[in-house]
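Heads up, the thing below is written out as structure tokens.
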2 protein chains.
Amino acid sequence: MTFGKHVREHREILKSRDRRFSVRQVARRIGVEPAYLSKIERGDVAPPSEAKTRALARELGEDPDVLLAMAGKVSSDLQEIIRKRPRLFAELIRQLKSAPDHAILHIARDVRDGDW
Amino acid sequence: MTFGKHVREHREILKSRDRRFSVRQVARRIGVEPAYLSKIERGDVAPPSEAKTRALARELGEDPDVLLAMAGKVSSDLQEIIRKRPRLFAELIRQLKSAPDHAILHIARDVRDGDW
DNA sequence: TGTCATGTATAGTATATAGTACACATGACA
DNA sequence: TGTCATGTGTACTATATACTATACATGACA
């Protein structure tokens, strides 16, 4: 599923229940021209900037990290965390490349619970 | 320490022992114009692309992830790993933001040893 | 049946990114 | 003392990114 199709699909679902989710109105709320959002949804142009993608996620009630990923981006706050300790994070992330989901989830939970 | 100063410093050290580490010769080996490398080292222009930064790291015997971090970038292979499972990695990385180095190292070791 | 909002086609713009090409002054050194 | 490599100043360039602005055809609906 491409970024555009995904956005269009979700927006259409919301629109079917609330007509404030038209291209024009959503565009207005996220701060872009309607024609631009239209082109984005049809894949006519690349996904928008991180800021606009975040606004769109908020508007559609979606996870910004997921939408950013679909846009081919990684959140700038995550990048900053990695850049501060590149060796440590690079190694860890590459180690986790093929780890099962539950392992990653488990580690995150342990860290959150202060098991380190 | 900026990217440029760092590169210049390290290249100069190598050059003092081996004159093949002149701006011109390093530039030639990494595939850029000498004037461009000169400008990069003096911070006259932004750091080069990921590919050139990697070539430079190889040339200087440095960790590419570290040099990329100094260039304000995160390796594209890491980004791809994150983008494939954005929710999991986003949560984990944010959890680890203020974790001590040894904790991250410890986790990486556990994962490598298959303790998951 | 007029108006109003809708989606979209077309054309254009500003800024950033990632460099090249060439010329020139300087210092080493044979 | 001529030549050669060195570092760098100046002037461009190509492509990507991230949009805006305007106009138009269409369908709803009062």
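None of the values given here were measured: they were computed from a predicted structure. So that the names make sense, note that chain A is the first sequence line, chain B the second, and so on, each numbered from 1.
- Put simply, the side chain of B/Arg85 never gets that close to the backbone of A/Ile104: no donor and acceptor are under 3.5 Å apart.
- Considering only the side chain of A/Ala35, C/dA9 comes nearest among D/dT8, C/dA9, D/dA18.
- The base of C/dT17 has none of its N or O atoms less than 3.5 Å from a complementary donor or acceptor on the side chain of B/Lys52.
- For the pair B/Arg83 and B/Phe89, the NZ or CZ position fails the cation-pi test of under 6.0 Å to the six-membered ring centre and within 45 degrees of the ring normal.
- In this structure, A/Val74 is a member of the same hydrophobic cluster as A/Leu96, with clusters built from ILVMFWY side-chain heavy atoms closer than 4.5 Å.
- In this structure, A/Val32 reaches the sugar-phosphate backbone alone: every heavy-atom distance under 4.0 Å involves primed, P, OP1 or OP2 atoms, never a base.
- Considering only side-chain atoms of A/Lys39, the nucleotide from C/dA21, C/dG7, D/dC19 that sits closest is D/dC19.
- Taking only side-chain nitrogens and oxygens, A/Ser38 never comes nearer than 4.0 Å to OP1 or OP2 of C/dG7.
- In this model, the phosphate group of D/dA5 is not approached by any side-chain N or O of B/Ser22 to a distance below 4.0 Å at OP1 or OP2.
- Residues B/Glu80 and B/Lys84 are paired through a salt bridge, judged by an N-O separation under 4.0 Å between the basic side chain and the carboxylate.
- Between the CD1 atom of A/Ile40 and the C1' atom of D/dT20 there is a distance of 12 Å, given to the nearest Å.
- For B/Pro48, the side-chain atoms get nearest to C/dG19 when compared with the rest of C/dG19, C/dA9, D/dT6.
- Looking only at distances, no side-chain donor or acceptor of B/Arg11 sits under 3.5 Å from a matching main-chain atom of B/Leu60.
- Counting to the nearest Å, the P atom of C/dG7 and the CD atom of A/Glu41 are 8 Å from each other.
- Across C/dG19, D/dG7, D/dA21, the shortest atom-to-atom separation from the side chain of B/Arg11 is found for D/dG7.
- Using a 4.0 Å cut-off, some side-chain N or O of B/Lys73 falls inside it from OP1 or OP2 of C/dA18.
- Listed pair A/Gln25 / C/dA5 fails the phosphate criterion, with no side-chain N or O lying under 4.0 Å from OP1 or OP2.
- Nearest-nucleotide mapping onto DNA chain D: of A/Gly31 and B/Asp44, the residue sitting toward the 5' end is B/Asp44.
- Side-chain nitrogen and oxygen atoms of B/Arg28 include none within less than 4.0 Å of the OP1 or OP2 phosphate oxygen of D/dT6.
- In this structure, A/Arg28 places its CZ atom where only 12 or fewer heavy-atom neighbours from other residues, nucleotides or ligands lie under 6.0 Å away.
- Computed from coordinates, the B/Arg8 CZ to D/dG7 P distance equals 8 Å when rounded to whole Å.
- Distance A/Leu56 CG to D/dC19 P: 12 Å, rounded to the nearest Å.
- Between the CG atom of B/Leu37 and the C1' atom of D/dT6 there is a distance of 13 Å, rounded to whole Å.
- A/Glu33 has its CD atom 13 Å from the C1' atom of C/dT13, to the nearest Å.
- For A/Lys15 against C/dT6, no side-chain N or O and base N or O form a donor-acceptor pair under 3.5 Å.
- When rounded to the nearest whole Å, the span between CZ of A/Arg24 and C1' of D/dA23 equals 11 Å.
- Atoms CZ (B/Arg19) and P (D/dT6) sit 8 Å apart, rounded to a whole Å.
- With pairs defined as Watson-Crick or G-U wobble and both atom distances under 3.5 Å, the stems of at least three pairs that touch DNA chain D come out as C:1-30 with D:1-30.
- Counting only distance, with no hydrogens or angles, the side chain of A/Glu50 and the backbone of A/Ser76 share a donor-acceptor pair below 3.5 Å.
- When the side-chain nitrogen and oxygen atoms of A/Arg42 are compared with OP1 and OP2 of C/dT8, one or more of them lie within a distance under 4.0 Å.
- Under the 4.5 Å side-chain heavy-atom criterion for grouping Ile, Leu, Val, Met, Phe, Trp and Tyr, B/Leu68 is not connected to B/Leu56 through any hydrophobic cluster.
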